[in-house]
Amino acid sequence: MQISNANLAYTLFRLANLMEISGEPGAKVQAYRTAAQQILEYPEKLANLTLTGRALTTIKGVGESIASQLQAMLTDGHMPRYEELKAEVPEGLIELLSIRGLGAAKVRTLHTALGIAGIDDLREALEAGRLREAKGFTPRTEDRIRRSLYEFSAHRGRTLRALVEPTAMALVELLEALPGVTRAVPAGSYRRGLETVGTLDMVVASDSREEVHRALVAWDFFFGWSDGQPDTMAFLTDSDLHVAVHLVPPGAFGTELHRRTGSAEYLAALTEGLDVLEEPLAESEEQYCAALAIPCLPPELRSGVESLNEVRISGMPELIVVGDIRGDLHMHTTHTDGRNTVEEMARFCRERGLEYLAITDHTRNVRVAGGLFPEEIPGYLEAIELANQRVPGITILKGLEVDILADGSMDMPDEIMAQLDVVIGAIHSHFDQDSEAVTRRVLTAMEHPLVQFIAHPSGRLVGSRSPLLLDFDRLYSAAERTGTMFELNANPERLDLHDQHCRRARQLNIPVVINTDAHAVQQLDNLGKGISQARRGMLAATDVLNTRPLPAMLELLQRKRNQQ
DNA sequence: AGGCTTCTGCCTAATAACGGGACCGTTAT
């Protein structure tokens, strides 16, 4: 079996974490992360590279030292430096790095001063109020950590759904290619489109257990059976993902798929009061639901009971699909922290069949991103104009993602914002404001006549950064009054608006804008992730701004300005 | 540690907020 690039890359990422904790210089750690990222994106298998006699150092970011670690792993499956440090560094310390407010230095302090060696220790110390005993930790630091810990715990041990997707697709392909397999479909929280997945459940229709078993063991990404119980067909992939394959005879596929899609809470509510002593065996979900005379909701609506009640009252919704989107109104280019030019972004969008896109680079407040200063805007707009002429067949709109500063003012003069087609307001700093301050901050931006929608409104990052303490009821009122809209950001780490806020927006008739926030052409394909989230939020195509043709979309976008 | 050039030595995403001790390290965006 050949080691995959992903496996090599993730080992380097893990090694970088270990090095950081053990106090290696930041630049060195960074070098390992850069190399890992390059390998992740490398078009060819590294294993092939060495087989054909080419040096690993031809990869950007890989020098002698990292190449020798990689070579060792390719040869005998182990990376010496990694194994070494892994034995030295307490395992739990790595997990602590993903808590916001804790870097390597602070983690070391916690370990030496308070004996904290993992998340559970951290939680205990926090609850006992002991954290402030360590140097560099104040009640304020505690607050920060407490909030981050809360978000972390909600997704602990789970993987971003977007990272599971390639594995899920590959498994479907692998299994459906087997002569004895008629269907292979991912179920569970993956199918329900949740932000993160714990175990990837696969429902497979086949009478040949032996065949499936053999195929899994021979699979490139197979690492080993979990729990030493091959009968459950539960295994680990080489990137540490838990997979459970549920094998059923084709005649019971629908029944099993429905059951394994869940959620438990949904299934309980669905069959409540029903006499289901014996489950009907059905080939498809539709047949299964029909046999029991129960509604067959789209999987994205099966995570709770809320949608079930709504569907029972107002009927089955027609949820949005990817093909409904006609334009992407939030993306970055080489003018700030994007990796591709305006023209490249536009060509890619055109290939994907979009009718329009907006280039919306950062403003100066976002320093790391090289945010634009007002005096740079004329050149920026010219570049967009030029690209617009050079890429026929799609319309490129001029926009900016303007920072909402701490006091609610916008990070760009009105005269400049007035020249744009798309003005997005977004928060990238001062995430720790109290509820009143941050709510008023966003309200102020929404009241601004030139701000058309708010990007990633809650500011949460899945599993690491808690949402801003926003009072959404007040934001909805402002949206209704001013015509300001909310974005559903399709970046897999954001997925923000959250589902419950999508529902509310829909009820109040506030259009949602679904955008990728792409920083590279490949990320333009993230639209689907946003759509999954929108479907969980029960949005139909008509609830979304950018499903409209350009003129209708622009009209809604301009509504605020015309009101002035 | 790697990349680039100066082929030995310098820079690595720029800057603000915070906390401890009055300038500097840590962390985040």
Side-chain angles (χ1 to χ4, degrees), chain A residues 12-13 15-39 55-71 79-82 85 96-113 131-145 147-148 151-152 332 334-339 361-373 376 401-407 411 426-433 437-438 455-456 459-461 464-466 468 491 493-494 517 519-520:
Chain A
L12 283 184
F13 276 127
L15 174 54
N17 285 340
L18 289 167
M19 286 169 42
E20 198 172 14
I21 298 255
S22 36
E24 298 268 17
K28 189 170 164 182
V29 174
Q30 189 51 47
Y32 274 80
R33 295 204 171 118
T34 311
Q37 190 59 41
Q38 287 296 327
I39 290 167
L56 291 169
T57 47
T58 53
I59 301 163
K60 216 169 145 64
V62 177
E64 258 178 63
S65 180
I66 293 180
S68 80
Q69 296 295 321
L70 290 170
Q71 189 55 61
M79 195 177 283
R81 189 79 185 110
Y82 173 71
L85 278 181
L96 288 177
L97 276 183
S98 38
I99 302 295
R100 233 143 258 262
L102 294 184
K106 283 207 151 78
V107 167
R108 277 201 302 277
T109 304
L110 288 178
H111 188 223
T112 48
L131 227 54
R132 63 191 73 176
E133 289 168 15
K135 199 171 173 177
F137 292 80
T138 61
R140 191 187 174 126
T141 329
E142 284 182 345
D143 264 0
R144 245 178 106 69
I145 291 175
R147 291 189 58 206
S148 177
E151 176 66 25
F152 179 84
H332 300 272
T334 45
H335 284 102
T336 61
D337 58 350
R339 284 208 267 166
D361 269 306
H362 288 289
T363 55
R364 65 180 166 190
N365 188 240
V366 194
R367 296 294 207 231
V368 272
L372 300 171
F373 283 70
E376 293 177 283
E401 181 184 16
V402 185
D403 259 46
I404 305 171
L405 303 176
D407 62 356
D411 189 30
I427 285 182
H428 293 106
S429 64
H430 300 92
F431 289 88
D432 291 333
Q433 288 175 320
V438 72
H456 41 75
R460 73 98 180 253
L461 293 178
S464 73
R465 191 207 284 145
S466 288
L468 298 163
N491 180 327
E493 286 182 66
R494 291 193 181 272
D517 194 0
H519 285 68

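Just so we're on the same page: letters track the sequence lines, and every chain starts at 1.
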**Student:** Tell me if the aromatic rings of His362(A) and His335(A) count as close, with their centers under 6.0 Å from one another.
**Tutor:**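 Between His362(A) and His335(A), the centre distance exceeds or equals 6.0 Å.
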
**Student:** Would you measure the distance from the C1' atom in dG21(B) across to the matching atom in dT15(B) and give it in whole Å?
**Tutor:** 22 Å

**Student:** Between His362(A) (NE2) and dT29(B) (P), how many Å, whole number?
**Tutor:** 13 Å

**Student:** In whole Å, measure the gap between the C1' atoms of dG2(B) and dT8(B) for me.
**Tutor:**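 Between the two C1' atoms, the distance is 15 Å.
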
**Student:** Just by distance, no angles: are the side chains of His519(A) and Asp337(A) close enough, under 3.5 Å, to form a donor-acceptor pair?
**Tutor:** yes

**Student:** By the 4.0 Å heavy-atom rule, please label Arg81(A) as base, sugar-phosphate, or nothing.
**Tutor:** nothing

**Student:** When the distance from CZ of Arg144(A) to P of dA28(B) is rounded to whole Å, what number comes out?
**Tutor:** 7 Å

**Student:** List in chain and number order the residues that pass side-chain hydrogen bond (donor to acceptor under 3.5 Å, both in side chains) with Glu493(A), two or more places apart in sequence or in another chain; answer none if no residue qualifies.
**Tutor:** none

**Student:** Any side-chain donor-acceptor pair under 3.5 Å between Asp517(A) and His332(A)?
**Tutor:** yes

**Student:** side-chain contact (heavy atoms from CB on, under 4.5 Å), that's the test. Do Phe137(A) and Ile145(A) meet it? Break it down for me.
**Tutor:** CA-CA 10 Å; Phe137(A) 292 80; Ile145(A) 291 175; 3.8 Å; yes

**Student:** With P as the reference atom in both, quote the distance from dT6(B) to dC11(B) in angstrom, rounded to an integer.
**Tutor:** 13 Å

**Student:** Among residues at least two apart in sequence or on other chains, which ones pass ring-ring contact (aromatic ring centres under 6.0 Å, His included) with His111(A)?
**Tutor:**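 For His111(A), no residue satisfies ring-ring contact (aromatic ring centres under 6.0 Å, His included) once neighbours in sequence are set aside.
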
**Student:** Distance between the C1' atoms of dT5(B) and dC10(B), in whole angstroms?
**Tutor:**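 Result for the C1' pair: 10 Å, nearest Å.
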
**Student:** Write down the distance separating the C1' atoms in dC23(B) and dC18(B), rounded off to the nearest Å.
**Tutor:**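 Approximately 14 Å lies between the C1' atom of dC23(B) and that of dC18(B).
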
**Student:** Counting only heavy atoms from other residues, nucleotides and ligands, does the tally under 6.0 Å from CD of Gln30(A) exceed 12?
**Tutor:**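 Atom CD in Gln30(A) is packed in, count exceeds 12.
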
**Student:** Phe431(A) has an atom CZ; how far is it from atom P of dA17(B), in whole Å?
**Tutor:**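 After rounding, the gap between these two atoms is 14 Å.
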
**Student:** What's Ile99(A) touching, base or sugar-phosphate or nothing? Going by heavy atoms closer than 4.0 Å.
**Tutor:** sugar-phosphate

**Student:** Tell me what Gly370(A) touches on the nucleic acid: a base, only sugar-phosphate, or nothing, going by heavy atoms under 4.0 Å.
**Tutor:**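 Nothing, no heavy atom under 4.0 Å.
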
**Student:** Gln30(A) has an atom CD; how far is it from atom P of dA14(B), in whole Å?
**Tutor:**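 My rounded result for the distance is 12 Å.
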
**Student:** In Å, rounded to the nearest 0.5 Å, how long is the span from CE of Met79(A) to CD of Gln71(A)?
**Tutor:**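 Met79(A) CE to Gln71(A) CD: 11.0 Å, rounded to 0.5 Å.
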
**Student:** Could you tell me whether Arg339(A) atom CZ has more than 12 heavy atoms of other residues or ligands within 6.0 Å of it?
**Tutor:**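 12 or below, so no.
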
**Student:** Quick one, give me the B/S/- string for nucleotides 18-26 of chain B, reading 5' to 3', where B means a protein heavy atom under 4.0 Å from the base and S means that only happens at the primed atoms, P, OP1 or OP2.
**Tutor:** SSSS----S

**Student:** What contact category does Arg132(A) fall into here, base, sugar-phosphate, or nothing, at under 4.0 angstrom with non-hydrogen atoms?
**Tutor:** nothing

**Student:** From the set dA14(B), dT29(B), dA17(B), return the single nucleotide nearest to any side-chain atom of His430(A).
**Tutor:** dA17(B)

**Student:** Calculate the interatomic distance between Glu376(A) atom CD and dA14(B) atom P; express it in whole Å.
**Tutor:**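 Distance check: Glu376(A) CD to dA14(B) P gives 14 Å.
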
**Student:** With nearest nucleotides of DNA chain B determined for Leu102(A) and Arg367(A) from heavy-atom distances, which residue corresponds to the more 5′ nucleotide?
**Tutor:**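 Nearest nucleotide further toward 5': that of Arg367(A).
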
**Student:** Please identify each residue that fulfils side-chain hydrogen bond (donor to acceptor under 3.5 Å, both in side chains) with Glu376(A), with sequence neighbours left out.
**Tutor:** none

**Student:** How long is the line joining NE2 of His519(A) and C1' of dA13(B), in whole Å?
**Tutor:**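 In whole Å, dA13(B) C1' and His519(A) NE2 are 13 Å from each other.
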
**Student:** Can you measure Met19(A) atom CE to dA1(B) atom P for me and round it to whole angstrom units?
**Tutor:**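 Between P of dA1(B) and CE of Met19(A): 7 Å.
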
**Student:** If I take atom CG in residue Asp403(A) and atom P in nucleotide dT15(B), what distance separates them, rounded to the nearest angstrom?
**Tutor:** 15 Å

**Student:** Could you give the distance separating dT12(B) and dA17(B) at their P atoms, to the nearest angstrom?
**Tutor:**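 That atom pair is separated by 22 Å.
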
**Student:** With rounding to the closest Å, how many angstrom separate the C1' atoms on dA13(B) and dA28(B)?
**Tutor:**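 That atom pair is separated by 13 Å.
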
**Student:** With rounding to the closest Å, how many angstrom separate the C1' atoms on dG20(B) and dT27(B)?
**Tutor:** 15 Å

**Student:** Which atoms of nucleotides 2-9 of chain B (N or O only) lie under 3.5 Å from a protein N or O atom, and what are those distances?
**Tutor:**
residue : atom : partner  : partner atom : Å
dG2(B)  : OP1  : Gly63(A) : N            : 2.8
dG2(B)  : OP1  : Gly63(A) : O            : 3.3
dG2(B)  : OP1  : Ile66(A) : N            : 2.9
dG2(B)  : OP2  : Ser65(A) : N            : 3.1
dG3(B)  : OP1  : Gly61(A) : N            : 2.6

**Student:** Side-chain donor-acceptor pairs under 3.5 Å in residues 96-108 of chain A, sequence neighbours left out?
**Tutor:**
residue   : atom : partner   : partner atom : Å
Ser98(A)  : OG   : Glu95(A)  : O            : 2.6
Arg100(A) : NH2  : Ser464(A) : OG           : 3.1
Arg108(A) : NH1  : Glu20(A)  : O            : 3.2
Arg108(A) : NH1  : Ile21(A)  : O            : 3.0

**Student:** Side chain of Val368(A): nearest nucleotide among dA13(B), dA28(B), dT15(B)?
**Tutor:**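 My answer, after comparing the listed nucleotides, is dA13(B).
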
